[in-house]
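Taking it in order: structure first as structure tokens, then the write-up.
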Amino acid sequence: MGQKPSVAKGTRDFFPAIVAKRQYIFQTIKDSFETYGFSPIETPSFELSSTLMGKYGEEGDRLIFRILNSGEKMKKADVDALNEGNLPRFANSLSEKALRYDLTVPFARFVVQHQNDLAFPFKRYQIQPVWRADKPQKSRYQEFYQCDADVVGSDSLVYEVDYVQLFDEVLTNLNVPQAVIKINNRKILSGIAEVSGEAEKIVAITVAIDKLDKIGLEGVLKELQSKGISEDALEKIKPLFKITGDTRQRLVQMKTFLADSEIGLKGIEELEYIFNTTDQLGLKSTEVEFDVTLARGLNYYTGAIFEVKCNAVSIGSICGGGRYDDLTGIFGMKNMSGVGISFGADRIYDVLEELDLFPSSVDNRLELLFINFGEEEAAYCMGMVKKMREAGVSSELYPKSAKMNKQMKYANDRGVKFVALVGKNEMEQGVLRIKNMDTGEQDDIQPDALVNHLKKA
RNA sequence: GUGGUUGUAGCUCAGCUGGUUAGAGCGCUGGAUUGUGGUUCCAGAGGUCGCCGGUUCGAAACCGGUCUUCCACCCCA
């Protein structure tokens with residue numbers, strides 16, 4: 001038999017029925033992106049290593065798939081670095097290119113590189129696969145799609161409000177129930193760090209707070225201690241965990257908590273604007289909510305932080321996003337504020353699948369298969385196939401006059417909706433015998449009436 | 001990256017403390033059925049037991065390495 005075939009670690013094959021469902025999700029997202037004024041771009045699947053390396057933190061670099069130099073370039077291998085145990089430098093000498101790790105950094109590169117050809121604020125969306133050399137787990141793969149919409153070149157909060165509307169629009173169109181759009185602001189997190197007197201430990205503090213619902217208050221305090229946060233600071237942070245109530249009530253209490261932090265109050269102000277404006281505009285099927293524990297995302301978020309959860313399913317977040325004031329700065333373009341969101345298509349797929357929410361129109365099964373009775377009949381049926389295709393009905397003729405049994409079995413296995421049996425008898429009578437494969441019923445139909453007959457079912 | 005786990009037919013899995021020709025169900029192919037699938041019956045094909053090495057008279061089984069699967073952590077979509 002030879003070598004056993006298999007896909008590479010962390011990758012997947014998709015069957016036709018799965019692709020149909022995935023495309024339905026992508027298409028729904030695309031349609032909304034476009035009605036909100038985003039235009040599609042595409043960037044290469046691999047970039048120069050220098051574009052990607054160092055942009056995702058110390059953890060990130062390790063997870064970037066690197067592309068080995070080929071041909072003469074292999075001679076550039078820095079053997080000295082290897083002998084000295086300097087693996088990063090050795091790796092760099094072996095590889096000049098890497099698969100993209102996300103869509104945001106390539107987008108930043110794109111904006112800086114083409115800044116003279118873009119009208120700002122520039123709004124783009126991008127739906128392409130990305131690759132991560134992560135250890136695969138359930139619904140965590142090494143190759144997956146991201147669906148990003150970003151705008152760069154404006155710090156207006158109008159866009160934050162727009163994104164809330166966009167989340168609502170897409171999730172409503174996909175019939176995702178009980179979706180909650182959680183919003184926080186990096187400035188508030190900075191404020192918390194500032195108030196505690198450990199401003200420089202903001203990352204450790206936010207990462208710990210983010211785990212509140214997972215490890216509880218005790219766990220968070222423990223983690224903070226282990227990260228070297230002083231007892232004094234802990235005491236100052238503790239009141240934060242006593243804040244309760246709905247979004248409004250919690251914002252009011254946060255204001256008191258952050259009274260001494262200018263940046264923290266700025267964050268509150270921004271959130272108030274977003275929540276007030278969203279209230280005026282209204283939402284179709286989702287809810288918005290303030291969540292201080294939200295500290296996800298890469299370290300480059302500087303303003304709003306978004307995360308969307310579906311409470312009908314116990315699955316992680318299905319969308320995310322946030323504002324980053326200086327993303328293009330790493331490529332030398334200053335003062336370009338950006339804000340973007342991302343839909344987790346694989347997660348959304350799992351939600352729709354689990355709740356059985358894919359519409360029946362997502363169905364790419366063949367509509368009509370003509371049984372092949374022989375040369376003469378086949379020629380006649382090919383004419384019918386052509387007519388049906390012109391009428392927009394997907395149809396085929398079985399390629400050879402195999403046994404009826406075999407042809408019917410093929411139709412069944414393939415999930416064909418209708419089978420046309422047109423032999424000598426039917427040809428003489430000028431009718432088509434149409435069998436509905438779901439119900440097993442069959443009728444003799446006039447050729448002119450065929451399209452209507454199929455539509456009715 | 002750390003710790004654990006998994007791998008036997010296309011699929012899901014049996015296979016005793018190491019002992020002849022490695023089994024089942026489903027699927028597949030053919031037939032019962034030369035104009036009727038999804039039900040039934042009969043027959044058949046299909047396996048260097050993930051891969052490499054070691055221990056042993058003898059390895060699917062034990063040991064080491066490697067790849068893969070899944071899980072927790074880290075991180076993340």
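Here is how names work: the chains are called A, B, and so on, in the same order as the sequence lines, proteins then strands, and each is numbered from 1. The shown structure was predicted, so the numbers you read here are calculated from the model rather than taken from an experiment.
For RNA chain B, none of the residues of residues 175-185 of chain A falls under the heavy-atom distance limit of 4.0 Å. Against RNA chain B, the stretch residues 421-428 of chain A makes heavy-atom approaches under 4.0 Å through A:L421, A:G423, A:K424, A:N425, A:E426. Near-neighbour residues of RNA chain B inside residues 397-412 of chain A, defined by a heavy atom below 4.0 Å, number-ordered: A:K403, A:M404, A:N405, A:K406, A:M408, A:K409, A:N412. Contacts between residues 440-449 of chain A and RNA chain B, defined by a heavy-atom separation under 4.0 Å, are made by A:G440, A:Q442.
Using a 30° and 60° split on the angle between ring planes, A:Y163 and A:F38 fall in the parallel class, below 30°. Using cut-offs of 30° and 60° on the angle between ring planes, the pair A:F33 and A:Y125 is tilted.
Nearest heavy atom pair, residue A:P447 against residue A:V431, reads CD-CA, 4.5 Å. The two residues A:V288 and A:T247 have their closest heavy-atom pair at O-OG1, 4.2 Å.
Contacts classified as salt bridge (Lys or Arg N to Asp or Glu O under 4.0 Å) and involving residues 42-51 of chain A (residues at least two apart or in different chains) are given here: A:E47-A:R109. Note on residues 12-30 of chain A: pairs passing salt bridge (Lys or Arg N to Asp or Glu O under 4.0 Å), not counting sequence neighbours, are A:R12-A:D346, A:K21-A:E353, A:R22-A:D346. Applying the salt bridge (Lys or Arg N to Asp or Glu O under 4.0 Å) test to every pair with at least one member in residues 398-413 of chain A, sequence neighbours left out, gives these pairs: A:K409-A:D413.
Here the separation of B:U48 from B:C63, taken at their P atoms, is 25 Å to the nearest Å. Nucleotides B:G58 and B:G54 are separated by 12 Å at their P atoms, to the nearest Å. Taking the C1' atoms as reference points, B:U17 lies 16 Å from B:U56, given to the whole Å. Spacing between B:U66 and B:G27 at atom C1', rounded to whole Å, works out to 32 Å. A distance of about 12 Å separates the P atoms of B:U8 and B:C49, rounded to the whole Å. A distance of about 15 Å separates the C1' atoms of B:G7 and B:C52, rounded to the whole Å. Rounded to a whole angstrom, the distance from the C1' atom of B:G1 to that of B:G46 is 42 Å. B:U29 sits 25 Å from B:U21 when the C1' atoms are compared, rounded to a whole Å.
Salt-bridge check for A:D438 with A:K417: failed, with every basic side-chain N at 4.0 Å or more from each acidic carboxylate O. Ion pairing between a basic and an acidic side chain is recognised when a charged N comes within 4.0 Å of a carboxylate O; A:E198 and A:K227 show no such pairing.
No side-chain donor-acceptor contact under 3.5 Å links A:S401 to the backbone of A:F373. Listed for the A:T293 side chain is no donor-acceptor partner under 3.5 Å among the backbone atoms of A:D210. A distance-only check finds no donor-acceptor pair linking the side chain of A:E270 to the backbone of A:L157 [under 3.5 Å]. For the pair A:D150 (side chain) and A:R124 (backbone), a donor-acceptor distance under 3.5 Å is absent. Under the 3.5 Å distance criterion, the side-chain polar atoms of A:K55 are matched with a main-chain donor or acceptor of A:S50.
Judged by distance alone, the side chains of A:S342 and A:D148 do bring a donor and an acceptor atom under 3.5 Å apart.
With sequence neighbours left out, the ring-ring contact (aromatic ring centres under 6.0 Å, His included) criterion links A:Y410 to A:Y398. Applying the ring-ring contact (aromatic ring centres under 6.0 Å, His included) test to A:F110 and every residue at least two apart in sequence or in another chain returns A:H114.
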Which donor-acceptor pairs under 3.5 Å do the side chains of residues 173-183 of chain A make with protein atoms, sequence neighbours left out?
{"residue": "A:N173", "atom": "ND2", "partner": "A:E169", "partner atom": "O", "Å": "3.4"}
{"residue": "A:N173", "atom": "ND2", "partner": "A:E169", "partner atom": "OE2", "Å": "3.4"}

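Toward the 5' end of RNA chain B, the nearer of the two residues A:F144 and A:K435, judged by each one's closest nucleotide, is A:K435.
When rounded to the nearest whole Å, the span between CG of A:D413 and C1' of B:G38 equals 9 Å. Taking atom OH of A:Y301 as the reference point, atom C1' of B:C76 lies 11 Å away to the nearest angstrom. Straight-line distance from the CG atom of A:L294 to the P atom of B:A77: 12 Å, rounded to whole Å. Taking atom CZ of A:F418 as the reference point, atom C1' of B:G37 lies 15 Å away to the nearest angstrom. The interatomic distance linking A:L369 (CG) with B:G38 (C1') rounds to 15 Å, in whole Å. Taking atom CD of A:E377 as the reference point, atom C1' of B:U34 lies 13 Å away to the nearest angstrom. Atom CD1 of A:I371 is separated from atom P of B:G35 by 11 Å (rounded to the nearest Å). A:E307 has its CD atom 11 Å from the P atom of B:C76, to the nearest Å.
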Pairing pattern in dot-bracket form [Watson-Crick, G-U; both distances under 3.5 Å; | = partner strand] for RNA chain B:
((((..(..((((.....[...)))).(((((.......))))).....(((((..]....))))))..))))....
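Looking only at side-chain heavy atoms (C-beta outward), A:P40 and A:E34 come within less than 4.5 Å of each other.
Between A:Q146 atom CD and A:Y101 atom OH the span is 9.0 Å, to the nearest 0.5 Å.
Using a 4.0 Å heavy-atom distance criterion, A:D210 is classed as making no nucleic acid contact.
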For nucleotides 66-75 of chain B, give me one character per nucleotide, 5' to 3': B if any protein heavy atom sits under 4.0 Å from the base, S if the only such contacts are to the sugar-phosphate, - if neither.
--SS-SBBBB
